[in-house]
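Some notes on the structure that comes next.
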Amino acid sequence: MGSLPHVVEDCMGFLKLYSDGSVHRSNNFKFHVSQIQDNTVSFKDCVFDKKFNLSLRLYKPNTNNNNSNNKNKLPMIMFLHGGGFCFGSRTWPHMHNCCVRLATGLQAMVVAPDYRLAPEHRLPAAVDDAVEAVRWIQRQGLSLKEEENNCGEAWLRDNVDFDRVFIVGDSSGGNIAHQLAVRFGSDRTAIEPVRIRGYVLLAPFFGGEVRTESEEGPAEQTLNLDLLDRFWRLSMPVGETSRDNPLANPFGPNSPNLEKMKLDSILVIVGGNELLKDRAANYATKLKGMGKDIKYIEFEGCEHGFFTHDSYSEIAKEVIHILKRFMLKSST
């Protein structure tokens, strides 16, 4: 008679992985913020992947004039939420509020897709789902050319300039944004008429076997090194144990040679007190040394998620201004 399944990973009590591979998730989250009510933005949900029943949320500023002239159409931002690849959803109140803020502050159509979570769906599932979300956007753009069968999503068809698309990723979403930059930078024609102009990585969740100074420093209020390691153990592909895996470490021994790859403009934003700060800074420094168009900005005294968790703060207002400048520069 075999022994009963026992817990092998316990992630904050909300996610438990058992020895037989089964997973228990608790949805008893107590969020510190409520979903904001902003009548200047409309939003709705759409299924973008029927195979895995994945949805995304569209956010449309109500100030747009629905003019067919591209000069009056909105840029698009695809926002990829964080959560260590194990948690998160477009429906979480702070994620929703962040997308509303991006839509109003940048006067942009925001597309916020969910993706499959680990450990039920280990990497590269989340990256594959983000790719499919980009493909969904591409299908909407292609529907513009099908005048006799214009069956695309009306909000995108009537309001969006598909030539000005930006990918914004928070934490694990920032990691995914990097993966998309590598994939689509080398062949921009693969997603025409979509043109990704730039990538914004908000404290990207990168890893590596060798510890950085910031990782060994003081823990943050909501993040510590043990939790980071647990996220990697839960999300890495089956049989993979090294944090130098290309899905974790952009400069690991088996990672692609980024020096030879074309990459669109990248903006990296981190907090000065983040455990992930040194990895983000190292990422920017190395790509800069390769001649890539990348900018690194650090907000002194801020911790992980300072923008997404409080998107209406004074510091968040400064982030919005930075994003505006980045989008304008990358669009010309």
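Small disclaimer: the values here were computed from a predicted structure and weren't measured.
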Hey, are Glu240 and Arg122 close enough for a salt bridge, meaning a charged N less than 4.0 Å from a carboxylate O?
no

**Asked** Does the pair Ser22 and Asp20 meet the rule for a side-chain hydrogen bond (donor to acceptor under 3.5 Å, both in side chains), with working shown?
**Response** CA-CA 6 Å; Ser22 61; Asp20 63 352; 2.6 Å; yes

Closest heavy-atom pair, Ile266 versus Leu263, reported as atoms and distance to 0.1 Å, is CD1-CD1, 4.4 Å

Test Leu323 against Leu267 for side-chain contact (heavy atoms from CB on, under 4.5 Å), laying out the working first.
CA-CA 9 Å; Leu323 295 181; Leu267 171 63; 3.9 Å; yes

**Asked** Given side chains that start at C-beta, do those of Leu247 and Pro124 come closer than 4.5 Å, heavy atoms only?
**Response** yes

task = Output yes when Arg195 and Asp163 qualify as a salt bridge under the 4.0 Å nitrogen-oxygen rule, no when they do not.
result = no

So does Asp226 pair up with Arg230, basic N to acidic O under 4.0 Å? yes

- Task: State yes or no: are the ring centers of Tyr115 and His81 separated by less than 6.0 Å?
- Result: yes

**Asked** Do Asn175 side-chain atoms and Phe205 backbone N/O form a donor-acceptor pair below 3.5 Å?
**Response** yes

Scanning both residues in full, the closest heavy-atom pair of Pro93 with Ser34 reads CB-C, 3.9 Å

So CD of Glu192 and CD of Gln138: to nearest 0.5 Å the spacing works out to 8.5 Å

When you group the ILVMFWY residues by side-chain heavy-atom contacts below 4.5 Å and let the links chain together, are Tyr199 and Met261 in the same group? yes

Whether Arg139 and Glu132 form a salt bridge (side-chain N of Lys/Arg under 4.0 Å from carboxylate O of Asp/Glu) is what I want to check.
yes

### Message
Under a plain distance cut-off of 3.5 Å, with no hydrogens placed, do His304 and Thr222 share a side-chain donor-acceptor pair?
### Response
no

The side chain to side chain contact (heavy atoms under 4.5 Å, CB included) partner of Leu80 among Leu201, Leu180, Leu202 is Leu180

Can you see whether Phe326 has Lys295 sitting over its ring - NZ or CZ less than 6.0 Å from the centre and within 45° of the normal? no

Checklist line | Close side-chain approach of Arg279 and Glu215, heavy atoms under 4.5 Å | finding: yes

Can you say whether the rings of Phe85 and Trp232 are parallel (under 30°), tilted (30 to 60°) or perpendicular (over 60°)? tilted

To the nearest 0.5 Å, atom CE of Met109 lies from atom CZ of Phe162 at 8.5 Å

Interatomic distance, CZ@Phe79 vs CD1@Ile167, rounded to 0.5 Å, equals 12.0 Å

Heavy atoms, side chains only, cut-off 4.5 Å: are Gln35 and Thr91 in contact?
no

Could you go through the side-chain contact (heavy atoms from CB on, under 4.5 Å) check for Leu56 and Trp136 one step at a time? CA-CA 10 Å; Leu56 54 77; Trp136 181 86; 3.6 Å; yes

For Ile320 and Gly105 the tightest heavy-atom approach is CG2-O, 3.8 Å

Under 6.0 Å from the NZ atom of Lys317, do we count more than 12 heavy atoms belonging to anything else shown?
no

Under the 3.5 angstrom rule, does the side chain of Asp114 hit a backbone N or O of Arg90 as a donor-acceptor pair?
-> yes

Rounded to the nearest 0.5 Å, the CD1 atom of Ile137 sits from the CE atom of Met76 at a distance of 4.5 Å

Tightest non-hydrogen contact, residues Ala280 and Val268, listed as CB-CG1, 3.9 Å

Problem - Any donor-acceptor pair under 3.5 Å from Asn224 side chain to Ala219 backbone - result: no

query: Between Thr332 (side chain) and Lys329 (backbone), is there a donor-acceptor pair under 3.5 Å?
result: yes

With a 3.5 Å distance limit and no angle check, can you tell me whether Ser214 reaches the backbone of Asp278 through a side-chain donor-acceptor pair? yes

message: Assigning hydrophobic clusters by single linkage (Ile, Leu, Val, Met, Phe, Trp, Tyr; side-chain heavy-atom cutoff under 4.5 Å), is Val47 placed with Phe52?
response: no

Quiz item: Under 3.5 Å, is there a donor-acceptor pair between the side chain of Asp310 and the main chain of Phe306?
Solution: no

Report task. Could you walk me through whether Ile315 and Phe307 pass the side-chain contact (heavy atoms from CB on, under 4.5 Å) test, one step at a time? Result -> CA-CA 8 Å; Ile315 292 177; Phe307 176 72; over 6 Å; no

Value for CG (Leu58) from SG (Cys99), rounded to nearest 0.5 Å, stands at 10.5 Å

Rounded to the nearest 0.5 angstrom, the CG-CZ distance for Asp38 and Arg101 is 9.5 Å

Between Asn245 and Met236 the two heavy atoms that sit nearest each other are CB-SD, 3.7 Å

Plane angle bin for His96 and Phe43 - parallel if under 30°, tilted between 30 and 60°, otherwise perpendicular
perpendicular

Note to self: Measuring only between side-chain heavy atoms, which start at C-beta, is Tyr59 closer than 4.5 Å to Val100?
What the structure shows: yes

Membership question, hydrophobic clusters at under 4.5 Å side-chain separation (ILVMFWY): are Leu123 and Val238 in the same one?
no

Using modelled atom types only, decide if a donor and an acceptor are shared between the side chain of Glu216 and the backbone of Arg211 within a distance under 3.5 Å.
no

- Are the side chain of Ser143 and the backbone N or O of Gln140 linked by a donor-acceptor pair below 3.5 Å? yes

| Donor-acceptor pair, Asp244 side chain versus Glu209 backbone, under 3.5 Å? | yes

Residues passing the side-chain hydrogen bond (donor to acceptor under 3.5 Å, both in side chains) test with Asp187, sequence neighbours excluded, are Thr189

Can any side-chain N or O of Lys292 pair as donor or acceptor with the backbone N or O of Glu259 at less than 3.5 Å? yes

TODO: Decide side-chain contact (heavy atoms from CB on, under 4.5 Å) for Phe231 and Phe87; before the verdict, give the C-alpha distance in whole Å, the side-chain angles of both, and the deciding distance to 0.1 Å.
DONE: CA-CA 10 Å; Phe231 281 149; Phe87 295 100; 3.8 Å; yes

Scanning both residues in full, the closest heavy-atom pair of Ser265 with Asp293 reads OG-OD2, 2.6 Å

